[in-house]
2 protein chains.
Amino acid sequence: MPSSQLPDRTRPAGTDVARLAGVSQKTVSRVMNNEPYVREELRERVLRAAQQLGYRPNGAARTLTSGRTGRLGVACLGAGLYGPTSMLVAVERSARLLGYATCVAHTSPEDGHGLVGAVESLLEQGVDGIVLIEATDEGPLKLSTNVPVLTLGRFPGLVAARRIRADEHSNRSGHTATRHLIALGHRQIRHVAGPQRWWAARDRSEGWRTALVEAALPVTEPIEGDWSCASGFAAGSLLARDEAMTAVFAANDDMAIGLIRALTDAGRRVPQEVSVVAMDDLPASRYLRPALTTVARDFDAIAVDGVAALIREIAEPGTAARTVAEREPRLIVRESTAPAPGRDRRPQAD
Amino acid sequence: MPSSQLPDRTRPAGTDVARLAGVSQKTVSRVMNNEPYVREELRERVLRAAQQLGYRPNGAARTLTSGRTGRLGVACLGAGLYGPTSMLVAVERSARLLGYATCVAHTSPEDGHGLVGAVESLLEQGVDGIVLIEATDEGPLKLSTNVPVLTLGRFPGLVAARRIRADEHSNRSGHTATRHLIALGHRQIRHVAGPQRWWAARDRSEGWRTALVEAALPVTEPIEGDWSCASGFAAGSLLARDEAMTAVFAANDDMAIGLIRALTDAGRRVPQEVSVVAMDDLPASRYLRPALTTVARDFDAIAVDGVAALIREIAEPGTAARTVAEREPRLIVRESTAPAPGRDRRPQAD
DNA sequence: ACCGCTATTGACTGCGCAGTCATACGGGTC
DNA sequence: GACCCGTATGACTGCGCAGTCAATAGCGGT
């Protein structure tokens, strides 16, 4: 009885419990897995023995025989950014409620650790399914695994044997945001873009561009930021000198915050002289001054639907929908946008 | 040769590679683990065969024999909050750079899934070490495992066999923030607290209270929020009616943002009439208007030191320091604090 | 020729579990 | 009484790897 002295000195195994309970290891296994065909009396005896020894089934062994790990792997770009992080949290919660644990691998192109590397390390750890959150353009990407993959957001160029798509509406967001500005009468609408390596950033830029073209408005060169407030501030310092411009679509709220600070520092009032619309709806956005007009995604709903489909695909291959959770992004109008100041060239018309 | 047709139909095993390369499974194992005593020629032959079959070592089997998983488990409270999330990201990165994968289990007392449950699920998954980020008061807490545990932040009442502590300075932060207000001449200093179930919140409140007592200033009842902007806004709506008060310490930046909005909505200017200091240093905080004076923690340094110690403890039990990364929190003075408006009762003195 | 050593390789084994199958029992059916 | 069936239990096995140890080869020194 090696484990009767120190609980967990070397973790007790099923056979230890079996011995203590006077049953076979297989019966212990049955009890731990809630299988039928165990007398109530034995079941209780086993549970008591397990409790006494501090027995915890060994996941590795279980995985080895059953082939299932009970784990989802999440590869997530953008360590710390609001969107990816919110999605990650929502995914973890959804998975946990469905009985799955979550392994995270942040990709960081700076560390030379791209999506492939992240996925590779997850597969090596062993996961039953993979969730991909956000992607940069790393060229065509073939995942050589039969593990089902859930992609949250667009992943052009990704090839995977068993793939489920969710939330591919990212280009609508930029379109929605920009149309709001157009509807307010703005004609000179600039764009502070996210890093164009990111598909999400490109899609938002594309939405902006499309909306302008549809409205026959001039398309100017976007200013590319890196999602950070600081880059938004830098962009704002440049944009403040564009006298004709009366509105800006920033690719996320953080950049909008920096942008607005720079604009107002330069004496251009928001929204009276310049309207700003962004994306993300940070928890803080509605409490800022001015409160941000922004486009929100419903991370929770997307994660819940996506993970549910992924886990269904794991449990019963081939039965899950290939595309889920195509939610429309939602425009939230607050204080940072206002009707365009007069249609003439001078933005000071207010 | 079951796996030669479809790569990964049933994942190829080491024996498949061995057969293809004309060596023993053990040699494949040696190659995959970079062990010595393999001729260069064979090594290459094995690698080529592995490549060809798409071979990936099976983590579960490796864990079963070696007893090590290469995985760290992180139990993290406060899904989505800036502090815990930043810490989580930093931990994951540190772990990855040291060759460890990361499993996350968010605890959510609302879901009835406390710290114990989170740790339990991590242990069942199998992890080599556990990282605890933030805690609520769940009473005395005994972790019955010999897996080493790294705690980031204070965890009173936690008992674990092998524990490493990092970043237990949380009470200094509130003290530092409050002393800044005192130094500016403020006498009536209110406090918007975090939820007192959280130790971090209690510690910040304690720091505030201590600083006031040391300066012989009146200690009023804190207003308890829940870390959210909304709760800060609610607190601000109340505090705006306190004419005597000239400064507020908010337990985090988010609440400060809501607080300031409410104060200024009520006509009390920040910082001219009311100074606000908070904690976290959100990326956005320095671009707000007013930019927030706040106290920052160095998540990265704490995570790097903590995880390094944890992994050292895993590799060579007993050799790691029991306490690391005791960094002093850093006060960052910006625009939301100013000298107290005249010492008389009327705050409009500016 | 022999020893002692290092370098190289493979056979064998066991980790802890769940799948498979055999066994045993009690109660109905023909 | 032979048979079948549902229930209940355990013996045995293999998952894929790394640890152990034996076997072999080569080399320099005695």
Side-chain angles (χ1 to χ4, degrees), chain A residues 1-3 8-47 49-50 53-71 123-128, chain B residues 1-3 8-47 49-50 53-71 123-128:
Chain A
M1 259 166 270
S3 327
D8 216 338
R9 216 177 72 80
T10 74
R11 268 172 71 169
T15 50
D16 298 320
V17 177
R19 200 175 311 122
L20 181 57
V23 298
S24 73
Q25 173 267 322
K26 179 64 206 188
T27 296
V28 174
S29 166
R30 287 202 180 89
V31 171
M32 299 317 284
N33 292 288
N34 276 314
E35 287 175 25
Y37 301 142
V38 181
R39 256 184 310 153
E40 199 48 38
E41 182 221 328
L42 273 200
R43 183 179 302 277
E44 277 166 23
R45 190 133 53 91
V46 167
L47 287 176
L53 293 179
Y55 170 68
R56 222 178 333 256
N58 179 318
R62 173 177 292 178
T63 296
L64 194 56
T65 45
S66 70
R68 306 180 52 258
T69 63
R71 230 177 292 134
L123 287 174
E124 199 153 327
Q125 278 295 315
V127 291
D128 292 342
Chain B
M1 257 165 269
S3 331
D8 215 337
R9 216 177 70 81
T10 73
R11 271 172 70 169
T15 50
D16 297 321
V17 178
R19 201 175 310 123
L20 181 59
V23 299
S24 73
Q25 173 267 323
K26 178 66 207 184
T27 297
V28 174
S29 166
R30 285 204 181 89
V31 172
M32 298 317 287
N33 292 289
N34 277 313
E35 287 175 25
Y37 301 143
V38 181
R39 258 184 310 152
E40 198 50 37
E41 182 221 327
L42 273 200
R43 183 180 301 276
E44 279 167 20
R45 190 135 51 93
V46 167
L47 287 177
L53 294 179
Y55 170 69
R56 222 180 332 257
N58 179 318
R62 174 177 292 178
T63 295
L64 194 56
T65 44
S66 69
R68 305 180 53 259
T69 63
R71 230 177 292 135
L123 287 174
E124 198 152 328
Q125 278 296 314
V127 291
D128 293 342

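Labels below follow one simple rule: chain letters A, B, ... track the order of the sequence lines, proteins then strands, and each chain is numbered from 1.
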Open item on the list: If the condition is side chain to side chain contact (heavy atoms under 4.5 Å, CB included), which residues does A50(B) pass it with, not counting sequence neighbours?
Closed with: V17(B), Y55(B)
Task: Interface residues of residues 58-69 of chain B with DNA chain C (non-hydrogen, below 4.0 angstrom) - done: L64(B), T65(B)
- [ ] Please name all residues satisfying side-chain hydrogen bond (donor to acceptor under 3.5 Å, both in side chains) with R62(A), sequence neighbours left out, ordered by chain then number.
- [x] none
TODO: Enter the inter-axis angle for the ends of the helix from dA1(C)-dT30(D) to dC30(C)-dG1(D) (five pairs per end, rounded to 10°).
DONE: 60°
Task: Main-chain N/O of T63(B) paired with R68(B) side-chain donor or acceptor, under 3.5 Å - done: no
Open item on the list: Under the rule for side chain to side chain contact (heavy atoms under 4.5 Å, CB included), what residues qualify as partners of T65(B), not counting sequence neighbours?
Closed with: none
Open item on the list: I need the OH-C1' distance between Y37(A) and dT7(D), as an integer number of Å.
Closed with: 6 Å
Open item on the list: Looking at every heavy atom in both A21(A) and A49(A), which two are closest together, and how far apart are they?
Closed with: CB-CB, 3.9 Å
TODO: May I ask you to decide if L123(B)'s main-chain N or O and R56(A)'s side chain share a donor-acceptor pair within less than 3.5 Å?
DONE: no
- [ ] Under 4.0 Å from any heavy atom of chain B: name the first and the last nucleotide of DNA chain C that qualifies, 5' to 3'.
- [x] dA7(C) to dG16(C)
- [ ] Would you please say whether a donor-acceptor pair under 3.5 Å links the side chains of Q125(A) and R71(B)?
- [x] yes
Open item on the list: With a 3.5 Å distance limit and no angle check, can you tell me whether R19(B) reaches the backbone of G14(B) through a side-chain donor-acceptor pair?
Closed with: no
Give the table of side-chain donor-acceptor pairs shorter than 3.5 Å for residues 34-42 of chain A, with sequence neighbours excluded, one pair per line with atom names and distance.
unit_1: R39(A); atom_1: NH1; unit_2: E41(A); atom_2: OE1; d: 3.2
unit_1: E41(A); atom_1: OE2; unit_2: R45(A); atom_2: NH2; d: 3.4

Show me the side-chain donor-acceptor pairs of residues 24-33 of chain B shorter than 3.5 Å, one per line, residues at least two apart or across chains.
unit_1: S24(B); atom_1: OG; unit_2: K26(B); atom_2: N; d: 3.4
unit_1: S24(B); atom_1: OG; unit_2: T27(B); atom_2: N; d: 3.2
unit_1: S24(B); atom_1: OG; unit_2: T27(B); atom_2: OG1; d: 3.3
unit_1: N33(B); atom_1: ND2; unit_2: S29(B); atom_2: O; d: 2.7

Open item on the list: Short of 4.0 Å, heavy atom to strand atom, which residues of residues 26-36 of chain A count as contacting DNA chain D?
Closed with: K26(A), T27(A), R30(A)
Task: Residues that D128(B) engages under side-chain hydrogen bond (donor to acceptor under 3.5 Å, both in side chains), provided they are two or more places apart - done: T69(B)
